[in-house]
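In what follows, a single structure is set out as structure tokens and then discussed.
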Protein chains: 2
Amino acid sequence: MNLKQHNTFSPRQTARAIGVSEASIKRWCDNGKLSYEKTVGGHRRLSLPVILGFIQDQGIKLRQPEVLDLPAAVGPGARTLEQACDLYEQALEQGDQARSLQIAFDMRLAGHSMAVIADKVVAPAFHALGERWQHGDVEVYQERHGVEITRRVLLRLKDTLVPPEPDAPSAIGATLSGDPYCLPGLMGELVLLELGWQAKFLGSQLPHTTLEKAVHDLNPSVLWLSVSSVGDPEAFVEANARLYALCLEHQCALVVGGSALTDQVRPRIKYASFGDSLQHLGAFAQGLSVYTRQNGHGFGQAQF
Amino acid sequence: MNLKQHNTFSPRQTARAIGVSEASIKRWCDNGKLSYEKTVGGHRRLSLPVILGFIQDQGIKLRQPEVLDLPAAVGPGARTLEQACDLYEQALEQGDQARSLQIAFDMRLAGHSMAVIADKVVAPAFHALGERWQHGDVEVYQERHGVEITRRVLLRLKDTLVPPEPDAPSAIGATLSGDPYCLPGLMGELVLLELGWQAKFLGSQLPHTTLEKAVHDLNPSVLWLSVSSVGDPEAFVEANARLYALCLEHQCALVVGGSALTDQVRPRIKYASFGDSLQHLGAFAQGLSVYTRQNGHGFGQAQF
DNA sequence: TGATATAACATACAAATCGTTCATTTTTTA
DNA sequence: TAAAAAATGAACGATTTGTATGTTATATCA
């Protein structure tokens, strides 16, 4: 934390807030358009009144006003994934979509994969939100709004991915009836898209019968099931067994994962791969596509 | 990596997209035909809503939509709203997101309001999809995937709207417990945004108690409830009564609408306004903001 | 305190935009 | 139809902007 420098900002922070490049800020400082002070080492420090006066004079918009509200919490974005998670949770709690988006983009710029962002930032942020709800610090509407916000953030992130090749392997994902949680499924789509797959998240609460139809019609290489909630365990196990058999028949790998697959349920279900996290899903998909590239199309699934 | 967060465009990009010379764009800016913002150094920046509004007013068409990150034509354009609805339904059935997006943008560029697109294209397309499902022509997974696709289309459409002013009246929307249909709520958000409101769709399946908290915390001028499905009618009537009372207290207009409000249910619920369609919601919001503008802030709701 | 990672410095460079002028095309007017 | 007016497109050097580089300052942590 940088607590010594209240109310002064680095060129980078200022640049982020205004929405221009760092170089421009420095130029304007040197031109005299922006007044500033120097540290003993020669670093520029800008005061809040100066920045606000500047944007008033020039008629510019503050693209990220929150950057100036929280000087301690910014820099090139959050340094660590944990910090990013905290900030993201905070942004969701405040219903601040712009800030949520910025945090997510910062992580992207820092080079983190979709899987890491999903596993280390988004998922734990919601976990923390749930904890705070149990303690009465957070209302349900805040959590739900957070889901809406995150959905939009994820779709924005999707636009940063290169579109898959037409001949890329395809995957479809869904949650089964009784499981209304759509975010893990959506994040799964992003993870697979990032790896070059043609991934489609079909939606949540799909009856297993229609998923069978989907496998039959779309003939994907992978079917991933996100399981965040299991309504009736017996029905789930039954649905899983039928899906597994169908996938075998269609040379499709069935991947399951999610927080609801506890030690009691997991032994009873069948799958080609099980993943605790989205990173697992990504790793499996990557291994699979390497395998098929080496051996041509059509692969068994006993190997996995 | 393309990580642009603010979609503003330079005169050159705008020129390429419209198919005119860069000089013309600059002239139109200086003539006041195109509103724009200036950077500190005097470079012009144009926003997407401004550009789209301009081409609507002038009756020109986008030669190269892809320059503005808009969907390029991939099939026949629709002439009428009915045609668009048919094509949209077809695209959903095929799980073709690009096509859905293009149809929606065609309508948008043709000058149709969000409310009209929602009422005349999206809603009837899903109605038709439901009909075809009953006849066994369409699977559940296709309808669900259509919901996912439409969610993304709506989000993209949102980018074509002018961002609300900070002092604009605010509205929050949601669906109550037992109602998982989120699309009408989302479309409501777009309709209100188009009219200049600060609108937030909080999500679906919200318990009425947390909505009461939300009204208390966020203090909106309007709470709109989308009702596409009513689980327990008694509970719904009870929740509605409590929300109505709370809204009265907070000078907040309660607007309800949705296909589940049949003649049997409607007489039993209380509201400031009832709407069969999103056009109704828009009309009510517009009337309300005119009224408040004339009479200052703080308005009763008996008038509505 | 000292080692290490991150951020800021100064500088240079490439790309895009600015304002302006002028030739060309299109539209309006006589 | 011909002339006048208006709109458009292209070109120019000057300016602004963003990115990349190697070096120095600051912050963090043991």
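Numbers restart at 1 for each chain; the letters A, B, ... are given by sequence-line order, proteins then strands.
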When you measure from the side chain of [X], which nucleotide among [options] comes out closest?
X	options	answer
A:Arg12	C:dA7, D:dG9, D:dT17	C:dA7
A:Ser21	D:dT8, D:dG18, D:dT17	D:dG18
B:Val40	C:dA8, D:dT17, C:dT17	D:dT17

Please state whether the phosphate of [N], meaning OP1 or OP2, lies under 4.0 angstrom from any side-chain nitrogen or oxygen of [X].
X	N	answer
A:Arg45	D:dA25	no
A:Ser24	D:dG18	yes
B:Arg27	D:dA6	no
B:Thr39	D:dT16	no
A:Arg44	C:dA8	no
A:Ser10	C:dA7	no
B:Lys38	D:dT17	no
A:Trp28	D:dT17	yes

Whole angstrom is fine here: how far is it from [atom1] in [X] over to [atom2] in [N]?
X	N	atom1	atom2	answer
B:Glu22	D:dA10	CD	C1'	10 Å
A:Glu37	C:dA8	CD	C1'	17 Å
B:Lys26	C:dT17	NZ	P	9 Å
A:Gln13	C:dA7	CD	C1'	10 Å
A:Phe9	C:dA7	CZ	P	17 Å
A:Ile25	C:dA7	CD1	P	17 Å
B:Tyr36	C:dG19	OH	P	7 Å
B:Lys33	D:dT8	NZ	C1'	11 Å

By nearest-nucleotide position on DNA chain D, the 5'-leaning member of B:His43 and A:Gly41 is B:His43
Notebook entry, point to check: Ion pair present between A:Arg44 and A:Glu22, side-chain N to carboxylate O less than 4.0 angstrom?
Noted result: no
When you compare the side chain of B:Cys29 with that of B:Leu34, does any pair of heavy atoms fall below 4.5 Å? yes
Side-chain touch A:Phe126/A:Val147, heavy atoms, less than 4.5 angstrom: yes
Going by distance alone, is a donor N or O of one side chain under 3.5 Å from an acceptor N or O of the other, for B:Gln102 and B:Arg99? yes
Practice prompt. Indicate whether the side chain of A:Tyr88 and that of A:Thr150 have a donor and an acceptor atom separated by less than 3.5 Å.
Written response: yes
